[in-house]
Amino acid sequence: MARSASVFVCSSCAHQEAKWHGQCPQCEEWNTLAEERAPTRAASRRPVGARSAASGPVVLRELASDSTPRLATGITELDRLLGGGIVPGSMVLLGGAPGIGKSTLITMALGLMAASGRSTLYVSGEESAAQIRLRAERLEAGAAPGALDVPVLAETDLDSVLAVIEGERPDVCVVDSVQTLACADLSGAAGTVGQVREVASRLIEVAKRTDTAIMLVGHVTKEGSLAGPRVLEHLVDCVLQFDGERERTYRTLRAIKNRFGATNDVGVFEMRDGGLVEVLDASERFVSEATRAPGSVVLAAMEGSRPLLVEVQALVSPSEMVPPRRLCSGVDRNRLALVLAVLARHAGVSTGSADVFVNVVGGVRVDEPGADLAIALAVASAASGTALSAPGAKPLCAFGEIGLTGELRSVAHHLRREQEAEKFGLTELITPQRVGTLREALKLPNIGSEAVSARNAA
Ligand code: TYD
Ligand code: MG
């Protein structure tokens, strides 16, 4: 009996069907079935470093330890995130919103690698070779010598791309972006879940065979996930996420997953005219730019293993909207909701009839509970119209988690956060180690509800 060569896979629950349906029979989502090539036995994948054809179990100690030298990209922050450079034959996924600078970063990395004698290949399904040349000219004048020496292949057909990689066998190949390549055997358009998964898995296979390190660029979808519902994240060895706001110059690069290094680390870059420049003194920059106005506070955050001082700003303004707006960038919406609820219930700072905006300056994202106290202080300060630090003084610095009963809870690495604050002269600190509850914390800079009512009465 002939088996059909493709299956239809639900992009939300991964349920498989032989035929296309408008609604997934399993999770009942609409329009989520996408065509994929049916898995064949021969297509089973071998992990990186598995070079022997034997399929029996092996004792780890008896395996020759694999000390393949890494390919340094020449961009210090990128190499640090990758754990010392790219592992030959591995696959790195670089995700980020359109226009954030993904192509710029990889063009710089390829240029620097080409300049240091590595063979490189830039596969672009998005831009023509002429457009890439324009960017490379800009970069070569700036931070990335060698950007014009990178061979470029403008192609969207997967099989042609694979043939070129097999033929050229470069040390590093960039595919910009995974959503623009398509396999002709599948009926779905480029960028559908089935296509993206097929493209990535066939590229991985070739990467392993030719020992070529592949960097895949992936656009982040509206929901913020990388190239479909996390379809790629478990296929690749390393996932890097490039964040920031397009209008601002700061960009953060973060390792979300790394089979060959630490995760949760972050590198900070600045987009300049000649390309991306690493910001090694990010804390100092953000502290010196802090406004110290009402609604501003400095947060001692942890970005992976590194402390980072960032400014958190809040604006509280009367609203006619029901319910009023809660907008934030750089912090989690749900944590903001929790902080506002605790402020109202346990600290007497009510924002029920006001719009609340919270922003982490510089386009940095802080996704940790340690940001709670800084958000609360910024909101309370904005609501009362009182600055947290005296005029001319250094800004106030805070960190700590807020519990549902209004208590302050300690967070990881409090000593390293304190040291970072002291290093930049921030001696006014509010932390769970010094203060027990949110209500007491608000009394210190004198922005608690009592202070506000006394001021209003006066
Ligand atoms: P790009 O790398 O094309 O973004 P992505 O690949 O993530 O979509 O670059 C985005 C922006 O960066 C673009 O608007 C122009 C700007 N840019 C600079 O500011 N300086 C530079 O040197 C370069 C090359 C780009
Ligand atoms: Mg691009």
Side-chain angles (χ1 to χ4, degrees), residues 73-75 77-78 81 92-115 120-156 161 172-182 190-191 196 199-200 203 214-228 232 236 238-256 266-279 285 362-365:
T73 63
I75 302 175
E77 294 284 271
L78 180 61
L81 287 175
V92 177
L93 174 65
L94 172 68
I100 209 75
K102 300 180 295 300
S103 303
T104 306
L105 183 70
I106 52 170
T107 311
M108 289 176 61
L110 282 186
L112 289 166
M113 289 168 104
T120 56
L121 177 64
Y122 188 139
V123 177
S124 176
E126 275 182 8
E127 295 164 306
S128 65
Q131 284 171 309
I132 296 169
R133 189 193 147 91
L134 282 181
R135 179 186 293 113
E137 276 172 357
R138 211 169 153 184
L139 292 175
E140 203 165 77
L148 283 169
D149 300 325
V150 177
V152 170
L153 173 70
E155 177 62 71
T156 55
V161 170
V172 199
C173 170
V174 161
V175 175
D176 187 3
S177 67
V178 63
Q179 280 112 331
T180 53
L181 291 201
V196 164
V199 167
L203 280 169
I214 295 194
M215 292 183 84
L216 279 183
V217 173
H219 289 298
V220 171
T221 60
K222 271 192 289 266
E223 295 79 34
S225 63
L226 276 172
L232 289 184
V236 301
C238 175
V239 180
L240 299 178
Q241 170 99 34
F242 211 20
D243 277 315
E245 288 161 48
R246 220 182 319 182
E247 310 75 46
R248 308 267 192 72
T249 57
Y250 291 115
R251 305 278 184 271
T252 55
L253 186 65
R254 203 178 291 264
I256 300 176
V266 69
V268 182
F269 292 90
E270 192 179 353
M271 182 62 97
R272 297 245 189 96
D273 220 10
L276 290 155
V277 182
E278 299 161 63
V279 179
R285 293 268 194 108
V364 182
R365 252 205 98 69

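Counting convention: from 1, in listed order, for ligands and their atoms alike.
In Arg138, the part holding a heavy atom less than 4.0 Å from any atom of ligand 1 is the side chain. Using a 4.0 Å cut-off between heavy atoms, Ser103 contacts ligand 1 through both its backbone and its side chain.
Side chain of Glu140 to main chain of Gly146: a donor-acceptor pair is present (N/O by atom type, distance under 3.5 Å, no hydrogens or angles). For Gln179 (side chain) and His219 (main-chain N/O), a donor-acceptor pair under 3.5 Å exists by modelled atom type.
Here's the thing with His219: none of its N/O atoms is less than 3.5 angstrom from an N/O atom of ligand 1. For ligand 1, none of its N or O atoms has an N or O atom of Met271 under 3.5 Å away. Taking any N or O of Ile100, backbone or side chain, at least one lies under 3.5 Å from an N or O belonging to ligand 1.
Remark: the Ser177 side chain and the Glu126 side chain contain an N/O donor-acceptor pair separated by less than 3.5 Å.
Among all protein heavy atoms, the one lying closest to atom 24 (C) of ligand 1 is Arg135 CG, 3.5 Å. From the protein, the heavy atom lying nearest to atom 20 (N) of ligand 1 is Arg272 O, 2.7 Å. With respect to atom 9 (O) of ligand 1, the closest heavy atom belonging to the protein is Thr104 OG1, 3.4 Å. In terms of protein heavy-atom proximity, atom 10 (C) of ligand 1 is nearest to Gly99 O, 3.2 Å.
For the atom pair CZ of Arg138 and OG1 of Thr107, the computed distance is 11.5 Å after rounding to the nearest 0.5 Å.
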Carefully, step by step, assess Thr104 and Leu139 under the rule side chain to side chain contact (heavy atoms under 4.5 Å, CB included). CA-CA 8 Å; Thr104 306; Leu139 292 175; 3.8 Å; yes
Determine, step by step, whether Leu81 and Arg254 satisfy the side chain to side chain contact (heavy atoms under 4.5 Å, CB included) criterion, reporting the C-alpha distance in whole Å, the side-chain angles of both residues, the deciding distance to 0.1 Å, and the verdict. CA-CA 7 Å; Leu81 287 175; Arg254 203 178 291 264; over 6 Å; no
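Side-chain contact between Pro145 and Leu112 is present, with at least one heavy-atom pair separated by less than 4.5 Å. The shortest distance between side-chain heavy atoms of Leu105 and Leu253 falls below 4.5 Å. Looking at heavy atoms from C-beta onward, Leu240 lies in side-chain contact with Leu78 at the 4.5 angstrom threshold. Residues Val217 and Ser103 fail the side-chain proximity criterion, which asks for heavy atoms closer than 4.5 Å.
Near the Mg ion (ligand 2), less than 2.8 Å away, sit the protein N, O or S atoms Ser103 OG.
Shown here are the side chain to side chain contact (heavy atoms under 4.5 Å, CB included) partners of Ile100, two or more places apart in sequence or in another chain: Lys102, Phe242, Arg251. Shown here are the salt bridge (Lys or Arg N to Asp or Glu O under 4.0 Å) partners of Glu270, two or more places apart in sequence or in another chain: Arg272, Arg285. Taking the salt bridge (Lys or Arg N to Asp or Glu O under 4.0 Å) definition, one finds that Glu137 meets it with Arg133, sequence neighbours left out.
For atom 22 (O) of ligand 1, the nearest non-hydrogen atom from the set Asp176, Val277, Leu139, Asp273 belongs to Asp273. The closest non-hydrogen atom to atom 4 (O) of ligand 1, taken over Gly101, Ala147, Ala97, comes from Gly101.
No heavy atom of Glu126 sits closer than 4.0 Å to any atom of ligand 1. Using a 4.0 angstrom heavy-atom cutoff, Gly274 counts as in contact with ligand 1.
Proximity to Pro98 (heavy-atom distance under 4.0 Å) selects the following atoms of ligand 1: 8 (O).
Distance remark: protein heavy atom present below 4.0 angstrom from atom 1 (P) of ligand 1.
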